[in-house]
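Heads up, the thing below is written out as structure tokens.
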Amino acid sequence: MQKNRFNNLPKINKNDALDILLKPISKINFSGDYYKAVFHLGSYPSKQTENALLAFIKLDYLDLEYKIARRKAIEMLALFNCKEAIPVIAGYLKDEDPYLIETVIWSLGELKCIDINIVNEIISMLYKPIGNKRIVIQTLAKLGISSEIEIIRSFSEDLKLDTSVRGASIAALMKLDNYNSRFNDL
């Protein structure tokens with residue numbers, strides 16, 4: 001794994017990271033320990049790591065520190081291409097945390113999820129007042145879902161929308177519908 005000059009988290013080994021994830025939140029020494037453990041497990045892809053991350057994301061702590069680490073754990077599972085995590089990850093599509101939902105949608109795209117029920121749930125996000133439709137559009141394009149081209153086209157033309165949503169819509173149309181006439185708008 002490439003050295004990241006922005007990685008200033010204290011180093012821990014795989015076994016220590018796994019041990020941290022097994023501790024109840026009441027036994028965690030520092031609020032960032034879960035995140036630190038998840039982050040460092042990214043350097044140790046294995047079935048054992050995937051199982052630990054899967055068990056970790058199923059916990060139900062309300063603490064912000066846990067929620068942030070859970071989002072990172074879901075991201076790691078996607079980066080590890082852990083297809084077994086898809087049903088667990090998809091279970092968070094209805095969560096109240098908009099950042100978790102965004103991470104889940106991105107992760108399902110990375111995992112190339114083709115489960116029609118999950119894909120339909122992602123599609124439904126286009127019609128809901130969620131904060132970040134850009135990630136939904138990008139994920140649908142990555143998955144090759146062309147059934148919603150018309151709403152994506154309407155987003156590309158809506159000047160009231162954020163430029164990132166319009167740009168993602170144009171890029172999605174180029175990929176899904178060979179729509180090159182607005183290439184310069186990107």
Side-chain angles (χ1 to χ4, degrees), residues 1-2 4 6-126 128 130-143 145:
M1 182 166 261
Q2 183 180 5
N4 182 346
F6 299 108
N7 173 10
N8 58 4
L9 291 173
K11 301 289 182 224
I12 58 174
N13 64 42
K14 179 181 179 180
N15 289 333
D16 289 343
L18 291 170
D19 288 343
I20 289 170
L21 294 188
L22 292 173
K23 290 181 182 179
I25 201 159
S26 62
K27 301 289 184 195
I28 295 297
N29 294 328
F30 301 102
S31 62
D33 280 355
Y34 280 149
Y35 185 90
K36 177 176 65 173
V38 169
F39 176 84
H40 284 296
L41 284 174
S43 298
Y44 306 104
S46 69
K47 195 65 175 164
Q48 181 187 25
T49 299
E50 290 176 8
N51 289 338
L53 292 172
L54 267 168
F56 179 73
I57 67 173
K58 292 177 186 176
L59 297 174
D60 196 26
Y61 298 128
L62 299 176
D63 304 68
L64 179 60
E65 295 83 4
Y66 168 73
K67 290 179 178 185
I68 293 169
R70 178 175 53 195
R71 292 194 300 256
K72 186 67 174 174
I74 289 170
E75 177 186 321
M76 286 293 152
L77 287 164
L79 292 173
F80 289 161
N81 198 31
C82 180
K83 303 274 190 202
E84 300 82 40
I86 289 174
V88 177
I89 292 172
Y92 292 106
L93 280 169
K94 295 181 193 247
D95 198 90
E96 294 179 13
D97 177 355
Y99 300 111
L100 177 60
I101 293 171
E102 184 174 315
T103 301
V104 165
I105 293 169
W106 176 86
S107 296
L108 292 168
E110 289 298 302
L111 290 166
K112 297 178 181 34
C113 174
I114 56 169
D115 180 299
I116 192 65
N117 294 321
I118 296 171
V119 170
N120 283 337
E121 185 64 32
I122 295 170
I123 289 170
S124 76
M125 301 287 183
L126 289 174
K128 294 178 181 174
I130 65 167
N132 192 348
K133 290 193 186 308
R134 176 187 55 80
I135 196 72
V136 175
I137 294 164
Q138 289 171 331
T139 298
L140 292 174
K142 180 178 275 193
L143 296 175
I145 308 298

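Everything numeric in this text was worked out from a predicted model, so none of it was measured.
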Give me each pair satisfying salt bridge (Lys or Arg N to Asp or Glu O under 4.0 Å) with a member in residues 101-112, each pair once, sequence neighbours excluded. E110-K142
Distance col, row L77:CG vs I86:CD1, nearest 0.5 angstrom, shows 10.5 Å
Which atoms form the tightest heavy-atom contact between D95 and I101, and what is the distance? O-CD1, 2.9 Å
For residues 16-25, which residue pairs qualify under salt bridge (Lys or Arg N to Asp or Glu O under 4.0 Å), counting only residues two or more places apart or in two chains? none
Only counting residues at least two apart or in another chain, list the ones meeting salt bridge (charged side-chain N to carboxylate O under 4.0 Å, His left out) with D97. R71
Name all residues meeting the side-chain contact (heavy atoms from CB on, under 4.5 Å) criterion together with N51; count only those two or more places apart in sequence or in a different chain, and write none if there are none. K47
side-chain contact (heavy atoms from CB on, under 4.5 Å) involving K128 - partner list, sequence neighbours excluded: E121, S124, M125, I130
Would you tabulate the side-chain donor-acceptor contacts of residues 60-67 under 3.5 Å, counting partners in other chains and residues two or more places apart, or write 'none'?
from, atom 1, to, atom 2, distance (Å)
Y61, OH, I25, N, 3.4
Y66, OH, F56, O, 2.7
Y66, OH, I57, O, 3.3
Y66, OH, L59, N, 3.4
Y66, OH, L59, O, 2.9

What is the minimum heavy-atom distance between L21 and A37, and which atoms define it? CD2-CB, 4.0 Å
If we only count heavy atoms from C-beta on, is the L140 to L126 side-chain gap below 4.5 Å? yes
Spatial distance of atom CG (N15) from atom CD1 (I20) [nearest 0.5 Å]: 11.0 Å
Minimal non-hydrogen separation, V119 against C113, with atom names: CG2-O, 3.7 Å
Which value, rounded to the nearest 0.5 Å, describes the distance between L100 atom CG and K94 atom NZ? 14.0 Å
Is there a side-chain contact (heavy atoms from CB on, under 4.5 Å) between I122 and I145 once you walk through the steps? CA-CA 10 Å; I122 295 170; I145 308 298; over 6 Å; no
side-chain contact (heavy atoms from CB on, under 4.5 Å) against K14, all qualifying residues, sequence neighbours excluded: L18, L41, Y44, S46, Q48, T49
Can you see which heavy atom on Y34 is nearest to which on A69, and at what distance? CB-CB, 3.6 Å
Sequence neighbours excluded, the answer for side-chain contact (heavy atoms from CB on, under 4.5 Å) partners of N29 is D33
Going from OG1 on T139 to CZ on R134, what distance comes out if it is rounded to the nearest 0.5 angstrom? 9.0 Å
Of V38, V88, I74, which is the lone residue that meets side chain to side chain contact (heavy atoms under 4.5 Å, CB included) with L53? V38
Would you compute the distance between atom CD1 of I118 and atom CD1 of I105 and round it to the nearest 0.5 angstrom? 12.0 Å
With K133 via salt bridge (charged side-chain N to carboxylate O under 4.0 Å, His left out) - residues at least two apart: none
CD1 on I114 to CG on L108, rounded to 0.5 Å: 12.5 Å
Which residue pairs pass the ring pair (Phe, Tyr, Trp, His ring centres under 6.0 Å) test when at least one of the two sits in residues 80-109, sequence neighbours left out? none
